[in-house]
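Small disclaimer: the values here were computed from a predicted structure and weren't measured. Positions are given from 1 along the sequence.
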Amino acid sequence: AWLREVSRGNFGVSWRSKKPALELIVERLPATLILAGAAITIALLITLPLGIISGMKPYTWIDSLATAFSLAGVATPGFWLGLMLILTFAVSLRVLPASGYTPLKEGVWEWFRHVIMPAATLGVTLAAPLTRFLRSGMLDVMSADYIRTARAKGLSQRAVILRHALKNALLTVVTVLGLQLGSLIGGAVVTESVFAWPGIGRLLLLGIVNRDYGVVQGVVLFVCVIYMTINLLVDIFYAYLDPRIRYT
């Protein structure tokens with residue numbers, strides 16, 4: 001009976017608000033998608049230049065800086081980083097709001113002021129492992145035969161990196177990014193709680209605290225579907241990055 005109702009879009013009813021769980025999830029999904037998109041954008045802006053440069057110039061000061069950033073990012077708890085950003089930019093400098101969410105339709109600047117700190121918290125945490133994976137991938141492919149062949153054919157350094165090296169080095173990065181993307185869309189529970197962000201993660205936490213099992217069950221099922229969908233898309237994207245992979 002439960003599976004039959006789920007197939008019809010009925011994820012259960014909130015015992016607290018008496019609303020359907022799917023309706024509550026859909027209401028909070030845009031805020032989570034915006035936060036996830038902003039966090040991934042920040043992560044890629046950090047990962048791509050650091051990973052490529054450190055992979056091309058290993059054991060230099062740039063590589064040491066990227067390694068230090070990666071280790072610090074992996075070791076730093078997300079909630080601590082979020083609290084430090086709040087203390088710095090909201091409490092001390094008073095240039096950003098400490099929490100809350102403003103829809104984009106109410107103004108780009110106000111939306112940006114509310115989204116930048118939670119997005120930076122998630123983005124830095126995500127960029128740290130991605131930088132290490134991209135560096136390792138670049139180190140592996142830069143010594144490959146096809147890279148030497150591309151250079152021997154007279155291709156520019158930019159063409160060698162973007163058209164040949166980077167696509168192959170991104171295989172492991174895409175795998176990790178896909179898993180992290182599922183986690184972000186599923187709801188960054190801690191970060192959304194620290195910044196009072198009205199997303200799926202905070203909805204899940206409130207459901208647990210209030211023992212609203214209908215909402216918790218609906219959110220968990222929704223997150224599982226998201227994970228499976230993203231993993232499928234990542235597998236399909238492999239064929240674009242590596243021409244040797246073909247799905248029949």
Side-chain angles (χ1 to χ4, degrees), residues 24-54 61-135 173 176-177 180-209 219:
L24 295 175
I25 293 172
V26 171
E27 287 178 357
R28 292 176 177 254
L29 183 60
T32 296
L33 291 176
I34 288 173
L35 180 59
I40 291 175
T41 301
I42 292 175
L44 293 179
L45 290 176
I46 297 173
T47 297
L48 292 177
L50 274 184
I52 293 173
I53 295 174
S54 61
W61 68 271
I62 299 178
D63 185 33
S64 300
L65 180 64
T67 302
F69 164 76
S70 300
L71 295 176
V74 171
T76 302
F79 71 90
W80 181 86
L81 179 59
L83 292 175
M84 293 302 103
L85 291 177
I86 291 174
L87 288 174
T88 302
F89 295 101
V91 178
S92 299
L93 300 178
R94 298 183 180 181
V95 294
L96 295 174
S99 61
Y101 168 69
T102 298
L104 186 59
K105 62 182 180 181
E106 295 185 10
V108 176
W109 176 243
E110 283 301 316
W111 171 83
F112 176 80
R113 293 178 70 244
H114 282 85
V115 77
I116 185 61
M117 283 202 296
T121 301
L122 292 174
V124 170
T125 305
L126 176 59
L130 292 181
T131 301
R132 295 300 297 167
F133 280 110
L134 183 56
R135 175 189 180 275
V173 175
V176 177
L177 182 60
Q180 294 296 328
L181 179 60
S183 177
L184 291 177
I185 296 180
V189 178
V190 175
T191 302
E192 288 187 359
S193 300
V194 169
F195 291 96
W197 191 266
I200 293 178
R202 194 156 184 260
L203 176 64
L204 176 62
L205 182 62
L206 292 176
I208 294 173
V209 171
V219 172

With a sphere of 6.0 Å drawn around CZ of Phe69, does it hold more than 12 non-hydrogen atoms of other residues, nucleotides or ligands? yes
Query - Check: Ile200 main-chain N/O paired with Thr32 side-chain donor or acceptor under 3.5 Å - result: yes
Output for pair (Asp63 CG, Arg135 CZ), nearest 0.5 Å, gives 4.0 Å
In short, side-chain hydrogen bond (donor to acceptor under 3.5 Å, both in side chains) pairs touching residues 70-96 with sequence neighbours left out are none
Rounded to the nearest 0.5 Å, the CZ atom of Arg132 sits from the CG atom of Leu50 at a distance of 11.0 Å
Nearest heavy-atom contact between Pro97 and Ala90 is C-CB, 4.2 Å
Here the side-chain hydrogen bond (donor to acceptor under 3.5 Å, both in side chains) pairs for residues 112-129, sequence neighbours left out, are Thr102-His114, Glu110-Arg113
One should read off an interatomic distance between Ser54 OG and Leu134 CG, to the nearest 0.5 angstrom, of 7.0 Å
Residues passing the ring pair (Phe, Tyr, Trp, His ring centres under 6.0 Å) test with Trp61, sequence neighbours excluded, are none
**OP:** Look only at the side chain of Gln180 and the backbone of Leu126, and say whether a donor-acceptor pair between them is shorter than 3.5 Å.
**Re:** no
Smallest heavy-atom separation, Leu205 atom then Ser193 atom, equals CD2-OG, 2.9 Å
Value for CG (Leu204) from CG (Leu24), rounded to nearest 0.5 Å, stands at 12.5 Å
CD1 (Ile34) and CH2 (Trp111) are apart, to the nearest 0.5 Å, by 6.5 Å
In terms of heavy-atom contacts, Ala119 and Ala38 come closest through CB-CB, 3.6 Å
In this structure, CG of Leu181 is separated from CD1 of Ile40 (nearest 0.5 Å) by 4.0 Å
All heavy atoms of Ser99 vs all of Ala196, minimum pair found to be CB-CB, 3.9 Å
**Prompt:** Any sub-3.5 Å donor-acceptor pair from Trp197's side-chain atoms to Thr191's backbone N or O?
**Reply:** no
Correct closest heavy-atom pair for Leu85 and Ala120 would be CD1-CB, 4.4 Å
On a heavy-atom basis, the closest approach of Ala98 and Phe195 is O-CD2, 3.6 Å
(message) Atom CZ of residue position Phe133 - does it have more than 12 heavy atoms of other residues, nucleotides or ligands inside 6.0 Å?
(response) no
